[in-house]
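Below: one structure, written as structure tokens.
No hydrogens, no waters, no symmetry mates; every other heavy atom, side chains included, goes into these values. For this chain, numbers begin at 1 and follow the sequence in order.
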Amino acid sequence: MIKFLCFALFVSNTWALYPSGEDVVELTPSNFDKLVIQGDEVWIVEFFAPWCGHCQHLVPEYTKAATVLKGVVKVGAVNADEHKELAERYNVRGFPTLKVFGANKYTPADYNGNRVAEDIVKAGVNAAKAKVKAALDRRSGRSSSGSSDDSSEGVIQLTDSNFDKLVLQSDDMWLVEFYAPWCGHCKNLAPHWAKAATELKGKVKLGALDATVNKQKASQYEVQGYPTIKFFDSGKKSAMSASEYNGGRTSSEIVQWALDKFADSITPPEVTQILSDVLFRERCEDQSLCVVAVLPHILDCQSECRNNYLKILTDLGAQFKKKMWGWVWSEAGAQTELENALDIGGSGYPAMAVINAKKKKFSILRGSFSKEGIYEFLRDLSYAKGYTAPLNGDIFRKIRNTDPWDGKDGELPEELVGISDIDFDDSSKDEL
């Protein structure tokens, strides 16, 4: 009996790895969200298996790091062999796996440093510094969102107290998840929600509200099950302007659903005349594709003719607005270096090329400059079809400043006076 008890105690301690009372906090499904996700502290969390030799070797170094970081960064450990749901939630595939829960608790960073106390401590301190810097940036107005949320990007933690200010009083489009920490479906959704938030940055904001703690908002929006996802459109919002999210639960499905909503809300792109390198960069440098049209000279195609071409471009811009491309145009001969770089114009005008400034590639419209011809050309490019060529040099340096078109017909320059029209003074002739 005594031997059995000793064996049982040995097994218990072996499976614990980190005895209670140590600076390493034991984390379980019952306390993980409350301590790590909802807490203000930065956390380093180890996911281990008691039988794992590497995990056992890490114990003294990890314990030492926890002692050094005490009062600065929290250090915890999850028995992933016993609490498989937490391991699956954070996509743990091997042991030990260390993750740093910093400013954005919904998107922890993988720790890939050496498994020694010194490097673990450095990772914790760096995460704490990053969180402090993000907070200072928001206080000084350097945050793009200008909000007081817990992160400068990713999933934004919402509460009863900040919900109206961040969601209802903003012009941004929002997807809000109402969750319960104990909900299995919520835990499965968490990594997809975090990934979607990162991919949708700058377009649609994603928030999460613990409905078991923030009962006022959960009641207001009639949350009956978890997770419940509500959509708040851009622009002015009322307290009950939310609609139901009816998309899938994977990150790709969430992103696609949100982008469709975002695209429906945006205005079609403006087709802008290329007047300077600065304007050209603004319209084309950061877009995935930029459509460049070179229209005939105003003397060859007067205002009505030019406006017809611009209408074609504007209509197509509206059709492809979900792509969020840049759309620009130039008059033939106004940007000769650009034309040469894109190898267009030699066979006449109008002409068109599409550039990818990031990949330094371009493609030329070889079909008709008509709505149907351009549509087929752009459709093929959107599916990565068609011939492309490399861009040589910095295309933006090839732009020269020009004056904007005044919208009027072109006028020929005044004709030179012919010699036959000159009235000579006869008095100036020599006398015979």
- [ ] Tell me, please, which residues at least two apart from T63 pass side-chain contact (heavy atoms from CB on, under 4.5 Å).
- [x] Y18, E22, V24, V59

Can you give the donor-acceptor pairs under 3.5 Å from side chains of residues 377-389 to other protein atoms, not counting sequence neighbours?
from: S382; atom 1: OG; to: R379; atom 2: O; distance (Å): 2.6

- [ ] Tell me, please, which residues at least two apart from W257 pass ring-ring contact (aromatic ring centres under 6.0 Å, His included).
- [x] F231, Y245

Task: By salt bridge (charged side-chain N to carboxylate O under 4.0 Å, His left out) - contacts of R93 (at least two apart) - done: none

- [ ] Kindly write out the residues that satisfy side-chain contact (heavy atoms from CB on, under 4.5 Å) with T67, not counting sequence neighbours, or none if the list is empty.
- [x] D23

TODO: Only counting residues at least two apart or in another chain, list the ones meeting salt bridge (charged side-chain N to carboxylate O under 4.0 Å, His left out) with K203.
DONE: none

Task: salt bridge (charged side-chain N to carboxylate O under 4.0 Å, His left out) against R400, all qualifying residues, sequence neighbours excluded - done: none

- [ ] With sequence neighbours left out, write down each residue that passes side-chain contact (heavy atoms from CB on, under 4.5 Å) with I37, or none if nothing qualifies.
- [x] F32, D33, R89, Y90, F101, K105, Y106

TODO: Please name all residues satisfying side-chain contact (heavy atoms from CB on, under 4.5 Å) with C52, sequence neighbours left out, ordered by chain then number.
DONE: A49, H54, C55, F95, P96

Task: Sequence neighbours excluded - disulfide bond (SG atoms under 2.5 Å apart) pairs with any residue from residues 210-293 - done: C284-C290

Task: salt bridge (charged side-chain N to carboxylate O under 4.0 Å, His left out) involving E199 - partner list, sequence neighbours excluded - done: none

Task: Pairs meeting criterion side-chain hydrogen bond (donor to acceptor under 3.5 Å, both in side chains) with involvement of residues 111-127, two or more places apart - done: N114-D119

